[in-house]
Amino acid sequence: MTSDATKTSVELPLDYYHQNFCQVLSVVQQRYGDLLSEYELGFLQKFYSASKNAQCLYVRLSGRSKSLFRLSKIQYSEIPNLSHAAIELDNLELISLSADLEIEEMLPLFTKPELIELLGISNGSKFKRSDLDAYILEQRSILTLTRLKNADTIVAVLQEEHLPTFRLCFFGNLYQDLTEFVLRDLAVYRFESYSLDTTSRQFESRKQLEQHLRFYACSMLCDETVAEGSESIVALSKALPTPLAHDYSLIRRVSRLRNRLARDLERQQHDELALNLYEKSNYPPSRERRARIYMATGKIEQSFSLCHEILQAPVDEAEAVFAQQFSQRHAKRHNKPWDPIVTTVPEVRHLELEKDRSVELDTANHLARDGTCFYVENSLFSSVLGLAIWPAIFAPVQGAFSHPFQHRPDDFYDADFKARRKDYIDDALMLQRNEPTIFKQKLLKTYTTKQGTANPLVHWQAIDETLLKKALEQIPVAHWQLVFERLLADLRNNRNGLPDLIYFPDDGGYELVEVKGPGDRLQNNQKRWMQFFHSHGIPHWVAQVSWKVEPENV
DNA sequence: ACCTTTCACCCAACC
DNA sequence: GTTTCACCCG
DNA sequence: GGTTGGGTGAAACGGGTGAAA
Ligand SMILES: [Mn+2]
Ligand SMILES: [Mn+2]
C-alpha cells in the first residue's frame with residue numbers, strides 16, 4: 001500500500017492545535033482589539049497567564065462539543081501532568097473542578113455499566129439507556145448525586161462562550177473553525193496564496209459584531225422554534241437583528257431567515273402573519289410568496305399589482321420569470337389583460353434504455369456509442385471560466401480577503417464583483433477572442449499548476465484534462481463567451497441549471513443534453529438556460545429516458 | 001462549502 | 001459477537 | 001394526461017473508537 005507514504009508525508013507539530021488557537025487569538029486581538037468586551041479581554045489575560053501545558057489542555061477541551069468531562073477519562077499523550085494542568089486552570093477559573101451540577105448533567109458522563117455498578121441497580125442492564133436515565137431521575141435519591149460525585153472529578157470548561165466571538169472575528173463566519181488549519185496543513189484543502197487586505201474590516205463596531213452573533217443565535221433556534229408554533233415563530237422574527245444599511249451580507253441572511261420563518265407560518269395556515277414577515281424581507285422569493293398568498297386568498301388585484309411591481313424591478317431573473325408566468329396563467333381565469341410571452345420548448349428526444357447506474361450515466365453511456373460524452377452538470381463552463389479568470393478571482397480587491405481559508409473572495413456574489421475586476425476579466429476574455437491558442441495553453445497550464453486549489457468557480461473533482469481539451473476544441477469561442485457573460489451577470493443564480501451532459505459526436509461539434517428520467521421534469525433554472533441556448537444558437541436538447549421493461553416483470 | 005447548495009425523486013391538487 | 005452512530009482526531 | 005406546487009433526502013476529508021443496541 002502507498003498510503004504509508006501519504007500518511008507520513010505531512011506531519012503536524014505536537015502542539016499544532018495550540019499554535020492555531022493562538023494564531024486566531026493574536027490576529028483577532030490585533031485587528032479587533034478595540035471591539036472586544038472587557039470579558040473577552042479578561043479571558044485573553046487569563047489564558048495567556050496560564051502555562052503552555054495548561055493552555056494546551058484548555059484548547060483541547062474547548063474544542064470538544066460538550067463542556068463537562070470526567071478528569072479520569074481525559075487523556076492526551078502530549079499533555080503531561082494532566083491533573084496539575086487542571087488545577088492550574090481551575091485556579092484561573094478557566095475550568096471548574098468543583099462545579100455544582102445537577103444529576104441530569106452528570107448522567108451522560110457515565111456509561112450504562114458504570115451507573116448500574118455505582119448506583120447498585122439490580123437488573124439494570126435490561127433497561128434501554130434512555131429508560132435507565134429516566135429511572136434514576138425518577139428515584140430522586142439524595143445518594144445518587146453524592147455517589148456520582150465521589151466516583152470521579154468532574155471538569156467543567158468555563159469561559160467558552162467567548163470563543164465564537166473570536167472565531168467570528170477571525171473567519172467572518174461561524175461555520176469555519178480550527179479544523180480549517182489542519183485540513184490545509186494536511187493538504188486536504190488547498191488555498192491560493194492571495195494577499196490579505198489588512199486595511200478594511202468586516203466589523204466596524206461592537207454593535208455590528210453583536211448583530212452577527214445574534215443572527216447566528218437566532219438561526220440556531222430556528223428548527224425548534226418552527227416546531228413550537230406561530231407565537232414562537234413571530235417572537236423569533238422579532239428577535240432578529242436590524243443590520244446596518246451597508247451590511248449587505250447580514251441583510252441577505254436575515255431576509256432569508258425571515259423567508260424561512262414566514263414559509264412555516266404559511267404551512268401553519270397563518271397567512272396574515274406570513275405576509276407581514278415576507279414584507280420585511282427583501283430577498284426572493286418573498287414577493288413571489290406574497291403574490292401567491294394574495295391570489296390564493298382572493299386578493300386578486302394585490303397579486304397582479306405585486307407581479308407588476310416585480311417586473312418593474314426584478315431582484316433576479318427567476319423572480320421576473322415567475323411574475324410573468326404567474327400573471328399570464330391567472331390573467332385568463334380572471335379576465336385580465338396581460339401580454340403573453342411565448343416561451344420556446346426545447347427539443348425532446350425519447351430514449352429507451354436499460355437501467356444500470358444512474359439515468360445520467362446510462363444516457364452518457366448510450367451516447368458514447370457515436371462519440372464522447374461527459375457528465376458535467378454545472379462544472380464545465382463554470383470551471384473553464386474560473387481557470388480563465390484566475391487572476392481576477394484572487395485580485396487584491398478592497399475587502400476581498402481577510403483570512404487564509406477563503407473558498408472565495410468576500411464580494412464574489414456582489415453585483416459589482418465583475419466591475420471591480422473589469423480589467424482582469426476583460427484581459428482574459430480578450431485573449432480568448434484574439435489569441436485562442438495562447439488562451440488554451442494558458443488555461444491548461446493553470447489547470448495543471450493550480451490543481452486542487454480552492455476557486456469558487458472550479459469544480460476540480462468533476463473535470464479532467466481530456467474533457468477540457470475536447471471542450472476547448474469543439475465549442476466555438478463565441479459560445480464560450482456568451483455563456484461566460486451570462487455566468488458573470490449573476491454568479492449566484494446562473495451557476496446552476498446547466499445541462500447534465502456534454503456530448504461530442506465523432507463527426508465533430510458538441511451538444512448539451514439535459515437528461516430526464518421518468519417522473520422528472522425541467523427545473524426553472526434549467527429552463528432559463530435552455531431559453532438562453534435557444535436564443536444564441538447553442539446546441540442543446542432534452543433526453544427523455546424511459547426504462548426498457550425487464551423480461552421478468554416485477 | 002454545511003448559517004448551506006444542488007439535484008432527482010415522490011406525492012398531491014388542479015384543469 | 002456484530003452493527004451503528006456520534007464524536008474526536010490529524 | 002398534462003400541468004403545477006411542494007416536500008424529502010443525499011452529499012459535501014477520511015479514519016478510528018467507544019458506547020449502545
Ligand atoms: Mn442533473
Ligand atoms: Mn437531469
Side-chain angles (χ1 to χ4, degrees), chain A residues 3 6-8 10-14 16-17 20 60-61 63-66 73-78 108-115 125-133 164 168 171-189 212-223 249-250 252-254 256-257 260 263-264 266-267 285 288-289 292 296 322 325-326 329-330 332-333 358-360 375 377-379 405-408 412-413 452 454-456 459 461-462 492-493 495-500 514-526 545:
Chain A
S3 67
T6 52
K7 236 180 195 172
T8 53
V10 186
E11 191 94 357
L12 299 182
L14 268 182
Y16 73 92
Y17 55 92
N20 300 338
R60 281 293 199 188
L61 296 183
R64 294 175 57 168
S65 57
K66 306 284 170 44
K73 297 245 174 170
I74 301 171
Q75 209 223 323
Y76 291 106
S77 58
E78 81 285 2
L109 301 175
F110 296 86
T111 67
K112 217 169 107 180
E114 283 172 335
L115 288 176
S125 49
K126 279 193 277 184
F127 286 96
K128 271 200 309 186
R129 173 65 203 235
S130 52
D131 293 339
L132 181 68
D133 287 0
L168 180 59
F171 292 109
N173 60 62
L174 276 188
Y175 65 80
Q176 289 182 293
D177 56 34
L178 292 175
T179 66
E180 300 286 329
F181 287 84
V182 177
L183 294 180
R184 176 199 56 182
D185 295 340
L186 294 176
V188 175
Y189 293 161
H212 282 248
L213 286 167
R214 171 179 277 262
F215 166 78
Y216 285 107
C218 290
S219 83
M220 280 190 290
L221 285 174
C222 191
D223 275 338
S249 83
L250 189 60
R252 172 177 169 273
R253 285 175 297 159
V254 168
R256 283 173 49 94
L257 196 48
R260 155 93 211 271
R263 192 70 189 81
D264 277 292
E266 279 192 76
R267 288 198 188 98
E288 170 178 336
R289 296 309 315 168
R292 287 186 189 280
F322 159 77
Q325 291 182 351
F326 188 76
R329 182 153 18 103
H330 288 87
K332 288 181 212 158
R333 298 185 204 169
S358 71
V359 68
E360 293 89 358
Y375 182 18
E377 229 157 41
N378 301 319
S379 305
F405 307 98
Q406 292 182 218
H407 293 266
R408 55 165 187 260
F412 183 67
Y413 289 121
N455 175 318
H459 308 200
Q461 73 289 12
R492 193 189 286 283
N493 294 299
R495 55 181 310 175
N496 51 44
L498 283 125
D500 292 317
E514 172 55 41
V515 180
K516 287 299 165 200
D520 195 10
R521 55 183 195 260
L522 285 176
Q523 298 173 19
N524 288 337
N525 53 2
Q526 296 171 334
V545 176

Sugar-phosphate, base or nothing in reach of A:D500, heavy atoms under 4.0 Å: sugar-phosphate

Sugar-phosphate, base or nothing in reach of A:R252, heavy atoms under 4.0 Å: sugar-phosphate

Residue whose closest nucleotide on DNA chain B lies nearer the 5' end, A:Y375 versus A:R333: A:Y375

Pairwise C1' distance for D:dG7 and C:dG10, with rounding to whole Å: 39 Å

Sugar-phosphate only, base, or nothing, as touched by A:E514 at under 4.0 Å among non-hydrogen atoms: sugar-phosphate

Phosphate-side-chain proximity, A:R263 and D:dG6, N/O vs OP1/OP2 below 4.0 Å: yes

C1' atoms of D:dT8 and C:dC8, separation to the nearest Å: 30 Å

salt_bridge(A:E288, A:R292) N-O dist < 4.0 Å: yes

Whether A:R289 side chain and A:P285 backbone form a donor-acceptor pair below 3.5 Å: no

Phosphate OP1/OP2 of B:dT4: any A:R408 side-chain N/O under 4.0 Å: no

Closest nucleotide among D:dG5, D:dA21, B:dT6 to the A:R292 side chain: D:dG5

Distance between P atoms of C:dC9 and D:dA12 (Å, rounded): 23 Å

Heavy-atom donor-acceptor pair, A:K112 side chain to A:R129 backbone, under 3.5 Å: no

Length of the NE2-P vector between A:H330 and B:dC14, whole Å: 12 Å

Heavy-atom side-chain contact between A:Y216 and A:N173 under 4.5 Å: yes

Nearest-angstrom distance from the residue atom CG of A:N496 to P of D:dA12: 19 Å

A:A462: partners by side-chain contact (heavy atoms from CB on, under 4.5 Å), with sequence neighbours left out: A:S379, A:H459

A:F181 and A:F405 aromatic centres sub-6.0 Å: yes

Non-hydrogen side-chain atoms of A:N493 and A:N525 separated by less than 4.5 Å: no

Whole-angstrom distance between D:dA10 and C:dT4, as gauged at atom P: 15 Å

Listed nucleotide nearest any side-chain atom of A:T111, set D:dA19, D:dG6, B:dT6: D:dA19

Touch class at under 4.0 angstrom, heavy-atom based, for A:E288 against every strand present: nothing

Between C1' of B:dA1 and CG of A:L174, the distance in whole Å: 15 Å

Interatomic distance where CZ belongs to A:F405 and P belongs to D:dC13 [whole Å]: 16 Å

Integer-rounded Å distance: B:dT5 C1' and A:F412 CZ: 13 Å

Separation between the C1' atoms of D:dG9 and C:dC7, rounded to whole Å: 23 Å

Dot-bracket notation for DNA chain D, counting Watson-Crick and G-U pairs under 3.5 Å, with | for partners on another strand: |||||||||||||||||||||

Presence of A:K516 side-chain N/O under 4.0 Å of B:dC9 phosphate oxygens OP1/OP2: no

Non-hydrogen side-chain atoms of A:E78 and A:R60 separated by less than 4.5 Å: yes

Side-chain donor/acceptor of A:R521 to base of D:dT4, under 3.5 Å: yes

A:K126 with A:D131: basic N within carboxylate O range, under 4.0 Å: no

Minimum-distance nucleotide to A:Y189 side chain [options: D:dC13, B:dT6, D:dG7]: D:dC13

Sugar-phosphate, base or nothing in reach of A:D185, heavy atoms under 4.0 Å: nothing

Centroid-centroid under 6.0 Å between A:F326 and A:H330 rings: yes

Sugar-phosphate, base or nothing in reach of A:R129, heavy atoms under 4.0 Å: sugar-phosphate

Short side-chain N/O contact to D:dT17 OP1/OP2 from A:K73, under 4.0 Å: no

Donor-acceptor contact present, side-chain A:Q526 to main-chain A:Q523, <3.5 Å: yes

Touch class at under 4.0 angstrom, heavy-atom based, for A:Q406 against every strand present: nothing

Integer-rounded Å distance: B:dT5 P and A:N525 CG: 13 Å

Rounded distance in Å - CG (A:L115) to C1' (D:dA20): 13 Å

Euclidean distance, atom CD of residue A:Q325 to atom P of D:dT4 [Å, nearest integer]: 7 Å

Nucleotide-resolved protein contact map, nucleotides 5-10 of chain C, B/S/- at heavy-atom distance under 4.0 Å: --SSSB

Phosphate OP1/OP2 of D:dG5 contacted by A:R329 side-chain N/O (<4.0 Å): yes

A:K516 bridged to A:E360 by N-O distance under 4.0 Å: no

Phosphate OP1/OP2 of B:dT5 contacted by A:R256 side-chain N/O (<4.0 Å): yes

Sugar-phosphate, base or nothing in reach of A:Q176, heavy atoms under 4.0 Å: nothing

